[in-house]
Number of protein chains: 2
Amino acid sequence: MARRKDHTREELKEMSVVSARKIIAAQGLSNLNMRRIAGDIGYTVGTLYNVFEDMDDLMMHINAATLDSLYAALEKDVPQNDKNATRALKRIAKTYIRFAEENFNLWNVLTNYEQMTEEDRPDWYMEKTARLFRMVEQYLTPLCKSSAKAERSAKILWASVHGICVLGLNGRLDIAGAAPVQSLTDTLIENYMKGLK
Amino acid sequence: MARRKDHTREELKEMSVVSARKIIAAQGLSNLNMRRIAGDIGYTVGTLYNVFEDMDDLMMHINAATLDSLYAALEKDVPQNDKNATRALKRIAKTYIRFAEENFNLWNVLTNYEQMTEEDRPDWYMEKTARLFRMVEQYLTPLCKSSAKAERSAKILWASVHGICVLGLNGRLDIAGAAPVQSLTDTLIENYMKGLK
DNA sequence: ACCTGAACACCGTTCAAGT
DNA sequence: ACCTGAACACCGTTCAAGT
């Protein structure tokens with residue numbers, strides 16, 4: 001063994017993240033561990049630590065991949081340049097909720113796994129969340145007096161939809177499934193947009 | 001040793017929860033473990049398992065205590081029978097945000113630690129969250145055509161404020177501290193209530 | 001340089017043994 | 001009946017040893 005060099009460093013990273021996401025999606029975070037990932041990609045734990053700093057580092061890459069697939073889902077489902085902002089925002093919320101339901105375990109990891117190190121989140125990671133907010137913001141800019149106000153409303157609406165989704169899908173609102181959650185976010189967006197004018 | 005009977009079963013439960021909450025508040029969830037709690041209350045791990053089913057059970061009692069102190073904070077700070085619903089709701093949000101900031105570690109455990117067993121949450125635990133929603137609902141009932149509509153708006157507003165608080169205090173909204181978070185929830189509540197009329 | 005595999009420290013949990 | 005403490009299984013992480 002040793003010095004196999006079957007895969008490049010980047011390939012190993014990619015394989016590890018794919019494997020870890022597969023395990024989380026199928027069996028939840030509690031069934032994820034380093035030995036399991038290593039076995040799954042045909043290496044030993046030591047190799048994982050040659051490629052990732054630690055499990056937190058691996059988890060950040062897992063969440064980055066989830067953010068990418070969320071962004072892709074939104075880009076695919078949400079029509080570009082919808083002149084009706086309220087309709088577009090409802091569509092974003094609907095896609096977000098469906099994504100959360102369909103990728104429940106991965107989405108929960110993204111939501112719950114807090115990297116305590118708030119400030120040393122790398123720029124490439126921050127950008128993945130920033131572009132999600134920009135997607136919401138583009139529909140609010142034409143309706144607001146300043147870009148600062150549009151940014152504020154984008155934060156408020158995104159975080160609110162997120163909160164309803166978190167509590168709703170986790171059974172804290174006495175409702176079950178994605179449909180009633182979406183109904184609540186629709187009402188939120190309608191009332192907020194009415195109040196904005 | 002053995003057969004000390006220094007404390008009743010209920011006293012042991014209480015002591016364990018108090019100790020665990022102290023550890024979480026001071027050093028975070030990652031520094032909490034069964035041996036530490038046991039040592040802190042002057043017993044061994046076996047005793048903890050004589051009183052709690054497992055760590056999940058203990059965690060539920062920890063979160064129950066946090067919900068109680070949150071309710072107490074709200075009861076203390078929010079004026080009863082405020083005729084101005086928007087003002088009262090803003091006050092609830094403000095107190096909630098301050099509680100989350102001041103009890104950050106405990107509040108994060110309450111928020112992030114998901115008991116996967118959704119349906120076997122005991123009734124006495126469910127009631128602790130239900131009464132929080134009722135507190136919000138009381139201000140919405142006079143403004144809504146049906147109690148069902150008031151209930152819906154209570155869920156929407158509570159979950160939205162929660163979402164803004166979660167993302168805001170965890171540094172996901174490019175803002176720092178409780179004040180700007182509260183500013184966002186104020187705008188949310190204002191616009192939502194305007195839209196409601 | 002890359003990879004192994006054994007070791008270390010530390011967990012949650014169990015349970016035979018004591019009083 | 002209550003409590004101990006040692007044991008078990010399992011985890012993240014490290015690192016000397018191999019090629």
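Computed from heavy atoms alone, side chains included, the values below leave out hydrogens, waters and symmetry copies. A, B, ... follow the sequence lines: proteins, then strands. Residue 1 opens every chain. Note that the structure is a prediction, hence the values are computed from the model and not measured.
A:I37 comes within 4.0 angstrom of no nucleic acid atom, judged by non-hydrogen atoms across all strands.
Although no hydrogens or angles enter the test, the distance criterion places a donor-acceptor pair under 3.5 Å between the side chain of B:R9 and the main chain of B:N50.
With rounding to whole Å, B:H7 atom NE2 is found 14 Å from D:dC3 atom C1'. The separation between B:D57 atom CG and C:dT14 atom P is 12 Å, rounded to whole Å. With rounding to whole Å, B:R9 atom CZ is found 8 Å from D:dC2 atom P. Rounded to whole Å, the distance from CG on A:L29 to C1' on D:dG12 is 14 Å. D:dA1 atom C1' lies 9 Å from atom CG of B:N50, rounded to whole Å.
Considering only residues two or more places apart in sequence or on other chains, A:E190 meets the side-chain hydrogen bond (donor to acceptor under 3.5 Å, both in side chains) condition with A:K90.
Within residues 15-28 of chain B, no residue has a heavy atom under 4.0 Å from DNA chain D.
Residue B:T47 has a polar side-chain atom (N or O) positioned under 4.0 Å from OP1 or OP2 of D:dT4.
Screening A:D57, A:L58, A:N63 for a side-chain contact (heavy atoms from CB on, under 4.5 Å) with A:M60, the sole residue that qualifies is A:D57.
More than 12 heavy atoms of other residues, nucleotides or ligands sit less than 6.0 Å from atom NZ of B:K13.
Between B:H61 and B:W124, the ring planes lie tilted relative to each other; the angle falls in the 30° to 60° range. Aromatic ring orientation, A:Y96 versus A:H162: tilted (interplanar angle from 30° to 60°).
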Using a 3.5 Å cut-off and no angle test, enumerate the donor-acceptor pairs between side-chain atoms of residues 181-188 of chain A and protein atoms at least two apart in sequence or in another chain.
residue	atom	partner	partner atom	Å
A:S183	OG	B:R152	NH1	3.1
A:S183	OG	B:R152	NH2	3.3
A:T185	OG1	A:Q182	O	2.9
A:T187	OG1	A:S183	O	3.2
A:T187	OG1	B:R152	NH2	2.5

Distance-only check: which donor-acceptor pairs under 3.5 Å involve side-chain atoms of residues 19-27 of chain A, not counting sequence neighbours?
residue	atom	partner	partner atom	Å
A:S19	OG	A:D40	OD2	2.7
A:R21	NH1	A:T66	OG1	2.6
A:K22	NZ	A:D40	OD2	3.2
A:Q27	OE1	A:R36	NH2	2.3

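Side chain to side chain, B:S16 and B:Y43 fail the donor-acceptor criterion of an N or O pair below 3.5 Å.
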* To do: Take B:L67 and B:Y71, measure what side-chain contact (heavy atoms from CB on, under 4.5 Å) needs, and give me the verdict at the end.
  => CA-CA 6 Å; B:L67 284 171; B:Y71 186 79; over 6 Å; no
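In the set D:dT4, C:dG5, D:dT13, D:dT4 carries the atom at the smallest distance from any side-chain atom of B:Y43. Checking D:dT14, C:dT14, C:dT4 against every side-chain atom of A:V45, the shortest atom distance belongs to D:dT14.
Between A:F133 and A:W158, the distance separating the two ring centers is shorter than 6.0 angstrom.
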N/O to N/O distances under 3.5 Å, protein versus nucleotides 9-11 of chain D:
residue	atom	partner	partner atom	Å
D:dC11	OP1	A:N33	ND2	2.9

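Among the duplex regions that DNA chain C forms, those built from at least three successive Watson-Crick or G-U pairs under 3.5 Å are C:4-8 with D:12-16, C:12-16 with D:4-8, ordered by first number.
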